[in-house]
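First comes the structure, then the notes that go with it.
The first residue in the sequence is number 1, and the count goes up from there.
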Amino acid sequence: MSNHLPNEARVIPLRPHGVRPAGARPRQAPPAPAAKEPLWRDLVGDVLRRERLAQERTLKDVADEARISMPYLSEVERGRKEASSEVLAAAAHALGLNLGDLLTRAQGELTRVTSRYVGGSRHGVSTSSHDGMCLAA
């Protein structure tokens, strides 16, 4: 049997607590998160829901006419699903809109929402004088 003491770990600090190395900058709080731009799926879903409610139609009625499932249409309206252009066109047609109408309304909503950034400036967003929309596949 050995006379050794039990293994005990000893922590030896490399520098005293609170002391920074020479030339080190003091820690700064992380910058406040910038206002987030809305997601396209949220904008499109909002437009679909507003139009459906304006027509006083049920989710089931529109989903049946669009030939998509009611739970899926609900997810699209809530911005939880990124719907294909075929699904968006079907939902729009069920509401008496065409896909262009739906996308134009969503783009108008995007413009309205993003213009509310501090002082009206939109950091990271083109300030081009063009008002058109470009969609890439």
Side-chain angles (χ1 to χ4, degrees):
M1 196 144 112
S2 125
N3 290 333
H4 292 284
L5 295 174
N7 284 338
E8 291 186 25
R10 220 172 54 147
V11 177
I12 303 171
L14 297 176
R15 68 177 84 86
H17 181 70
V19 175
R20 280 184 238 115
R25 293 182 178 171
R27 289 187 183 182
Q28 295 178 351
K36 289 186 177 181
E37 287 185 290
L39 297 175
W40 184 248
R41 67 178 183 238
D42 290 326
L43 296 168
V44 170
D46 287 345
V47 170
L48 288 171
R49 176 167 280 173
R50 272 198 312 272
E51 185 62 31
R52 180 177 61 78
L53 293 175
Q55 294 179 16
E56 298 180 353
R57 294 177 65 189
T58 66
L59 196 59
K60 180 172 179 11
D61 174 45
V62 174
D64 287 347
E65 189 170 333
R67 298 182 55 107
I68 56 181
S69 76
M70 188 175 66
Y72 189 74
L73 180 58
S74 175
E75 296 269 301
V76 169
E77 282 189 355
R78 289 182 289 142
R80 305 255 173 130
K81 296 289 183 187
E82 192 83 49
S84 68
S85 57
E86 291 87 358
V87 168
L88 293 178
H93 289 143
L95 292 167
L97 305 171
N98 63 41
L99 185 57
D101 295 331
L102 174 64
L103 299 180
T104 298
R105 290 181 186 191
Q107 191 253 344
E109 184 68 12
L110 177 63
T111 301
R112 185 184 67 75
V113 170
T114 57
S115 68
R116 292 189 295 195
Y117 283 108
V118 179
S121 70
R122 298 177 293 174
H123 301 288
V125 177
S126 170
T127 56
S128 168
S129 62
H130 302 292
D131 240 354
M133 178 180 10
C134 178
L135 297 175

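In this view, E86 and S84 satisfy the side-chain hydrogen bond (donor to acceptor under 3.5 Å, both in side chains) rule, not counting sequence neighbours. Every side-chain hydrogen bond (donor to acceptor under 3.5 Å, both in side chains) that E109 has, sequence neighbours left out, goes to R112. By the side-chain hydrogen bond (donor to acceptor under 3.5 Å, both in side chains) test, R80 pairs with no residue at all, sequence neighbours left out. In terms of the side-chain hydrogen bond (donor to acceptor under 3.5 Å, both in side chains) criterion, T58 has no residue partners (sequence neighbours excluded). Residues that satisfy the side-chain contact (heavy atoms from CB on, under 4.5 Å) test with A89, not counting sequence neighbours, are H93, L99.
Of all heavy-atom pairs between V62 and A91, the closest is CG1-O, 4.4 Å. When all heavy atoms of N98 and A92 are compared, the closest pair comes out as O-CB, 3.9 Å.
Residues R105 and R50 are not in side-chain contact: their nearest non-hydrogen atoms beyond the backbone lie 4.5 Å or more apart. In this structure, the side chains of L48 and L88 come closer than 4.5 Å at one or more pairs of heavy atoms.
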Extract all donor-acceptor atom pairs below 3.5 Å that involve side chains of residues 64-73 and protein atoms in other chains or at least two apart in sequence.
unit_1 : atom_1 : unit_2 : atom_2 : d
D64    : OD2    : K60    : NZ     : 2.9
E65    : OE1    : R57    : NH2    : 2.8
S69    : OG     : Y72    : N      : 3.1

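In this structure, CG in L95 is found 12.0 Å from CZ in R49, a value given to the nearest 0.5 Å. Note that the CD atom of E75 and the NZ atom of K81 stand 5.5 Å from one another [nearest 0.5 Å]. Distance CG/L102 to OG/S85: 11.0 Å, rounded to 0.5 Å. Summarising the geometry, atom CG belonging to L97 is positioned 5.0 Å from atom CD belonging to E51; distances are rounded to the nearest 0.5 Å.
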